[in-house]
2 protein chains.
Amino acid sequence: MTDEPKPGTSWLADSLRQAGYKLTAPRLAVLRVLEAEGEHLSPAEVLERGRAIYPTLSRATVYRTLELLTGLGVIRPIYLGDGGPCFTYARGGHHHLVCSACGAVIEFNECVVGELAQTLSDQFGFQIKSHLLEFYGLCGDCQ
Amino acid sequence: MTDEPKPGTSWLADSLRQAGYKLTAPRLAVLRVLEAEGEHLSPAEVLERGRAIYPTLSRATVYRTLELLTGLGVIRPIYLGDGGPCFTYARGGHHHLVCSACGAVIEFNECVVGELAQTLSDQFGFQIKSHLLEFYGLCGDCQ
DNA sequence: CATTTAATTGAGACAAAATCTCAGTTAGAT
DNA sequence: ATCTAACTGAGATTTTGTCTCAATTAAATG
Ligand SMILES: [Zn+2]
Ligand SMILES: [Zn+2]
Ligand SMILES: [Zn+2]
Ligand SMILES: [Zn+2]
């Protein structure tokens with residue numbers, strides 16, 4: 001028989017477990033939501049989708065779990081200019097062009113911060129896990 | 001007689017006027033607050049300080065004015081990890097090291113995105129006015 | 001497997017932040 | 001001076017986030 005895909009085997013779940021937290025059903029629901037679409041999810045969206053998996057999931061647990069994962073540095077909040085915060089994986093980089101006028105967000109891939117990250121790491125004794133590079137301005141349509 | 005320093009003569013005021021908006025007393029109060037300390041101001045702080053200048057300033061007007069200036073691309077919201085958004089001038093760059101665990105924010109000055117900005121500008125037809133570069137990780141104390 | 005215990009939970013009260021409505025006011029054009 | 005669309009404050013309303021507490025539960029232990 002092949003190994004059954006145990007629940008709680010993922011980067012996020014491992015992070016929680018290694019930090020000594022319990023892997024409860026409500027938490028696993030939140031993790032599954034984040035893993036299914038780990039980009040730009042607002043707390044409200046996490047709650048809504050999480051309840052599709054675990055119907056009694058409470059708002060408080062969503063906030064508590066997001067806070068927990070943020071503190072562990074595996075996800076992090078960002079603002080996209082359209083209102084409240086949303087959460088994304090805190091791994092590697094996120095690169096956006098954001099239009100001040102219409103709110104459009106374009107993602108790009110070129111990244112130029114590798115060396116700087118190393119320099120800052122040394123200079124400030126900071127252990128860098130991820131970064132966000134955003135340019136603000138006007139998109140073609142809005143100029 | 002020398003020219004009296006007319007109200008409504010500033011980068012922010014000029015932006016509003018040129019876009020065809022009225023320069024009202026409540027708006028000027030908000031502008032004065034932003035100009036006095038144009039960094040990292042939350043809407044609540046803007047309201048509080050604005051009322052020291054124009055006592056009946058309303059919360060709604062603060063939000064409306066911040067939204068207006070954001071749409072014009074002269075200020076913009078950023079998230080510092082400590083709660084809600086705050087607003088800063090949308091001119092030049094902002095550079096932060098943010099600790100995921102304790103929320104500490106360190107500012108740095110080295111900037112490496114000039115060329116990339118030009119490239120993206122050309123590639124996407126985007127008119128870039130400002131940028132935000134943030135590194136996330138653990139500060140020396142929290143490692 | 002049964003017991004134990006501290007971590008975690010949901011519900012709902014609560015607080016804070018943001019949005020909306022509308023009658024009255026005003027900047028700026030004419 | 002007049003006019004009018006833009007703008008305003010007050011307060012109702014909605015949305016978002018926090019807190020408390022009794023009940024539940026994961027996981028360690030024997
Ligand atoms: Zn646009
Ligand atoms: Zn990058
Ligand atoms: Zn720290
Ligand atoms: Zn820069």
Side-chain angles (χ1 to χ4, degrees), chain A residues 6-9 12-31 40-72 75 77-87 103, chain B residues 6-9 12-31 40-72 75 77-87 103:
Chain A
K6 279 194 303 188
T9 300
L12 296 181
D14 290 345
S15 302
L16 280 186
R17 191 167 20 221
Q18 285 177 23
Y21 295 106
K22 289 184 182 178
L23 277 186
T24 64
R27 278 179 185 163
L28 287 173
V30 171
L31 300 194
H40 306 178
L41 284 164
S42 69
E45 286 168 340
V46 173
L47 177 59
E48 184 188 346
R49 300 189 191 195
R51 280 185 167 162
I53 298 172
Y54 186 84
T56 63
L57 180 65
S58 75
R59 176 198 311 278
T61 294
V62 169
Y63 279 101
R64 289 189 279 231
T65 305
L66 292 175
E67 184 185 14
L68 215 51
L69 294 170
T70 300
L72 293 176
I75 65 174
I78 63 178
Y79 263 93
L80 282 181
D82 59 346
C86 33
F87 289 80
Chain B
K6 280 193 303 189
T9 300
L12 296 181
D14 290 345
S15 303
L16 280 186
R17 191 166 19 221
Q18 285 177 23
Y21 295 106
K22 289 186 182 178
L23 277 187
T24 64
R27 277 180 186 164
L28 286 173
V30 171
L31 300 194
H40 305 176
L41 284 164
S42 70
E45 286 168 340
V46 173
L47 177 59
E48 185 188 344
R49 301 188 191 196
R51 279 185 168 163
I53 298 172
Y54 186 84
T56 63
L57 180 64
S58 77
R59 175 193 311 279
T61 294
V62 169
Y63 279 102
R64 289 189 280 231
T65 305
L66 291 175
E67 184 186 14
L68 216 50
L69 294 170
T70 301
L72 293 176
I75 65 173
I78 63 177
Y79 183 74
L80 281 182
D82 58 346
C86 30
F87 289 80

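The sequence lines fix the lettering, A, B, ..., with proteins before strands; numbering per chain opens at 1. This structure is a prediction, so every number in the text was calculated from the model and none was measured.
Taking every nucleotide of DNA chain D with any atom under 4.0 Å from a non-hydrogen atom of chain A, the first and last of them, 5' to 3', are D:dT16 to D:dA27.
For A:Leu68, the side-chain contact (heavy atoms from CB on, under 4.5 Å) test picks out A:Leu16, A:Tyr21, A:Arg27, with sequence neighbours left out. Taking A:Ser58 as the reference, A:Thr61 meet the side-chain hydrogen bond (donor to acceptor under 3.5 Å, both in side chains) condition, with sequence neighbours excluded.
Note that CG of B:Leu41 and CG of B:Leu47 are 12.0 Å apart. Values are rounded to the nearest 0.5 Å. A distance of 10.5 Å separates CD of B:Glu67 from CG of B:Leu72, quoted to the nearest 0.5 Å. Rounding to the nearest 0.5 Å places CZ of A:Phe87 at 5.5 Å from CD1 of A:Ile75.
Of all heavy-atom pairs between A:Cys86 and A:Ser42, the closest is CB-N, 3.8 Å. Residue A:Thr70 comes nearest to A:Pro77 through the heavy atom pair CG2-CD, 3.9 Å, listed as atom of the first residue, atom of the second, then distance. For the pair A:Glu45 and A:His40, the tightest heavy-atom approach, listed with the atom from each and the gap, is OE1-O, 3.6 Å.
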* To do: Sugar-phosphate means primed atoms, P, OP1 and OP2; the rest is base. With that split, encode nucleotides 25-30 of chain C 5' to 3' as B, S or - using protein heavy atoms under 4.0 Å.
  => -BBS--

* Are A:Val30 and A:Leu12 close enough, and set up right, to give a side chain to side chain contact (heavy atoms under 4.5 Å, CB included), and what steps lead you there? -> CA-CA 10 Å; A:Val30 171; A:Leu12 296 181; over 6 Å; no

* Pair B:Tyr63-B:Arg59, side chain to side chain contact (heavy atoms under 4.5 Å, CB included): steps then yes or no -> CA-CA 6 Å; B:Tyr63 279 102; B:Arg59 175 193 311 279; 3.5 Å; yes

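Note on the helix from C:dC1-D:dG30 to C:dT30-D:dA1: angle between the axes of the first and last five pairs equals 50°, rounded to 10 degrees.
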Taking distance alone, no hydrogens or angles, what donor-acceptor pairs closer than 3.5 Å link side-chain atoms of residues 48-57 of chain B to residues at least two apart or in another chain?
from: B:Arg49; atom 1: NH1; to: B:Glu37; atom 2: OE1; distance (Å): 2.5
from: B:Arg51; atom 1: NE; to: B:Leu57; atom 2: O; distance (Å): 2.7
from: B:Arg51; atom 1: NH2; to: B:Leu57; atom 2: O; distance (Å): 3.0

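Residue whose closest nucleotide on DNA chain C sits further toward the 5' end, between A:Arg51 and A:Leu68: A:Leu68.
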Which atom pairs link the protein and nucleotides 16-22 of chain C when you take only N or O atoms and keep those under 3.5 Å?
from: C:dA18; atom 1: OP2; to: B:Tyr63; atom 2: OH; distance (Å): 2.1
from: C:dA18; atom 1: O5'; to: B:Tyr63; atom 2: OH; distance (Å): 3.1

